[in-house]
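Report on the following structure.
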Protein chains: 2
Amino acid sequence: MKPEPASGAADEGELKLDAYLPYRLSVASNAVSGLIARAYQDRFGLTVPQWRLICVLAEDGGLTQGQLVARTVMDKVTVSRAAQGLLNRHLVARSEHQADGRSHVLALTPEGSGLHAEIAPLALAYEAALISGLAPEEVALLKRLLTRLQSAAGQLSGDPGSPTV
Amino acid sequence: MKPEPASGAADEGELKLDAYLPYRLSVASNAVSGLIARAYQDRFGLTVPQWRLICVLAEDGGLTQGQLVARTVMDKVTVSRAAQGLLNRHLVARSEHQADGRSHVLALTPEGSGLHAEIAPLALAYEAALISGLAPEEVALLKRLLTRLQSAAGQLSGDPGSPTV
DNA sequence: GGAAACTAGTTTCATATGATACGAGTTCGC
DNA sequence: GCGAACTCGTATCATATGAAACTAGTTTCC
């Protein structure tokens with residue numbers, strides 16, 4: 001494969017780790033994820049996957065694990081384990097799926113809803129703190145660019161499960 | 001803690017996972033990292049930490065592991081293991097550190113340099129493919145914003161090791 | 001000069017992750 | 001109907017990660 005860095009590549013053919021986008025993305029994401037993960041873990045004993053399930057269930061009501069997998073972009077094993085944890089703490093409840101005996105429908109219990117209501121403001125406060133000092137347009141652009149990258153990565157890896165936006 | 005989403009928060013007090021920046025960042029980063037990690041692993045048998053060490057050593061010559069830790073933002077255990085792997089494959093060599101008997105100085109061997117020269121173009125091509133379709137200013141802004149987020153996360157977590165740019 | 005406090009790097013351990021195999025249920029094709 | 005092919009969720013395994021303990025070497029300070 002002939003390398004031909006197209007538009008916008010760092011500085012012309014030079015590979016500098018500090019300027020390398022995948023590296024920068026990973027480092028920034030780790031910093032942010034670590035912060036958030038610690039906060040949820042320390043204060044509420046939740047893992048990030050568990051918190052994501054709670055969020056989605058709070059938004060969308062009763063879903064199967066398969067739907068949660070699609071919705072959260074996490075592995076089905078991760079979702080299974082997170083769901084198990086939440087079940088043990090009675091934050092979500094399972095009910096039989098009408099049409100499919102293999103599947104269950106998950107929904108937040110009142111406790112789960114309560115916890116979500118408690119954490120959500122904190123989560124938003126964290127986001128606000130992270131982007132404080134950025135202009136709203138910058139944040140919007142950032143989100144668009146992230147989606148682009150995700151989609152490009154999906155295309156390159158041949159995976160279909162990526163936004164084609 | 002009173003939640004008070006400041007400037008630029010998604011849409012007013014609503015928490016939607018899809019619009020939540022830490023989530024978006026994590027998903028995008030995972031997609032990109034996964035792509036890159038698979039490429040290095042499949043074609044060259046390198047892990048991402050190993051590749052990062054190679055990059056930094058190619059840029060900066062002989063460094064101690066401590067310097068590598070600082071330079072790559074990775075854990076010292078991760079660096080230790082990555083270095084071990086590279087040593088086993090004779091891609092880097094160790095020499096005694098003059099002033100400090102605990103430390104060794106790591107540098108690429110000719111083979112290591114050769115591998116770097118082989119991979120670097122591929123790495124740049126990946127980056128180029130990822131950002132193809134983005135304007136150069138957008139890419140530059142993206143990198144700046146990522147640095148900002150990383151730095152903000154560092155501040156919030158009380159860690160010093162973050163760019164104060 | 002030598003004990004206490006410190007630092008570089010490794011080892012150990014506990015946990016997290018995802019690929020793979022599996023068990024149970026479903027759908028398709030005949 | 002009933003077996004083959006498939007899908008949902010779980011269990012198993014192999015690997016990756018980082019926290020904490022540890023070893024060996026260094027600095028500090030009396």
Side-chain angles (χ1 to χ4, degrees), chain A residues 26-27 29-31 33-38 40-42 45-53 57 62-88 92-107 157-159 161, chain B residues 26-27 29-31 33-38 40-42 45-53 57 62-88 92-106 157 159 161:
Chain A
S26 167
V27 170
S29 175
N30 286 348
S33 291
L35 173 71
I36 301 276
R38 226 169 302 127
Y40 294 164
Q41 186 61 259
D42 291 350
L46 290 177
T47 66
V48 168
Q50 287 173 345
W51 168 241
R52 286 187 184 171
L53 292 197
L57 289 175
L63 297 174
T64 67
Q65 290 189 192
Q67 292 172 311
L68 288 169
V69 165
R71 193 72 181 57
T72 58
V73 199
M74 298 190 297
D75 190 84
K76 66 179 179 171
V77 179
T78 307
V79 168
S80 175
R81 284 192 274 239
Q84 199 56 53
L86 295 176
L87 279 168
N88 291 342
V92 307
R94 266 181 175 165
S95 52
E96 298 300 314
H97 187 100
Q98 302 290 47
D100 193 333
R102 296 164 299 181
S103 236
H104 334 268
V105 174
L106 298 178
S157 72
D159 263 349
Chain B
S26 166
V27 169
S29 175
N30 286 347
S33 291
L35 173 71
I36 301 276
R38 227 168 302 127
Y40 294 162
Q41 185 62 258
D42 292 350
L46 290 177
T47 66
V48 167
Q50 287 174 345
W51 168 242
R52 286 187 186 172
L53 292 197
L57 289 175
L63 298 173
T64 66
Q65 291 189 191
Q67 292 171 312
L68 288 168
V69 164
R71 194 71 182 58
T72 59
V73 200
M74 298 190 298
D75 190 82
K76 67 179 178 171
V77 179
T78 306
V79 169
S80 174
R81 285 192 274 239
Q84 198 56 53
L86 295 177
L87 279 169
N88 290 342
V92 308
R94 267 180 176 166
S95 53
E96 298 300 314
H97 186 101
Q98 302 290 47
D100 193 333
R102 297 165 297 180
S103 237
H104 333 270
V105 175
L106 298 179
S157 72
D159 263 348

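Chain letters run A, B, ... following the sequence lines, proteins first and then strands; every chain starts at 1.
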(message) Can you pull out every salt bridge (charged side-chain N to carboxylate O under 4.0 Å, His left out) where at least one residue sits in residues 70-79 of chain A? Sequence neighbours excluded, please.
(response) A:E59-A:R71, A:D60-A:R71, A:R71-B:D18
(message) Suppose the criterion is salt bridge (charged side-chain N to carboxylate O under 4.0 Å, His left out): which pairs have a residue in residues 78-88 of chain A, not counting sequence neighbours?
(response) none
Interatomic distance where [atom1] belongs to [X] and [atom2] belongs to [N] [whole Å]:
X: B:Q41; N: C:dT17; atom1: CD; atom2: P; result: 20 Å
X: B:R38; N: D:dA16; atom1: CZ; atom2: P; result: 15 Å
X: B:H97; N: D:dT26; atom1: NE2; atom2: P; result: 10 Å
X: B:Q84; N: D:dT17; atom1: CD; atom2: P; result: 16 Å
X: B:Q98; N: D:dT26; atom1: CD; atom2: C1'; result: 16 Å

(message) Among residues at least two apart in sequence or on other chains, which ones pass salt bridge (Lys or Arg N to Asp or Glu O under 4.0 Å) with A:R94?
(response) none
(message) Quick check on D:dG9: is either OP1 or OP2 less than 4.0 Å from any side-chain nitrogen or oxygen of A:S103?
(response) yes
(message) Strictly under 4.0 angstrom, non-hydrogen atoms only: write out the protein contact profile of nucleotides 18-25 of chain D, one letter per nucleotide from the 5' end, B, S or -.
(response) BBB---BB
(request) Please name all residues satisfying side chain to side chain donor-acceptor pair (under 3.5 Å) with A:S26, sequence neighbours left out, ordered by chain then number. (result) B:R52
(message) Among residues at least two apart in sequence or on other chains, which ones pass side-chain contact (heavy atoms from CB on, under 4.5 Å) with A:Q41?
(response) A:T47
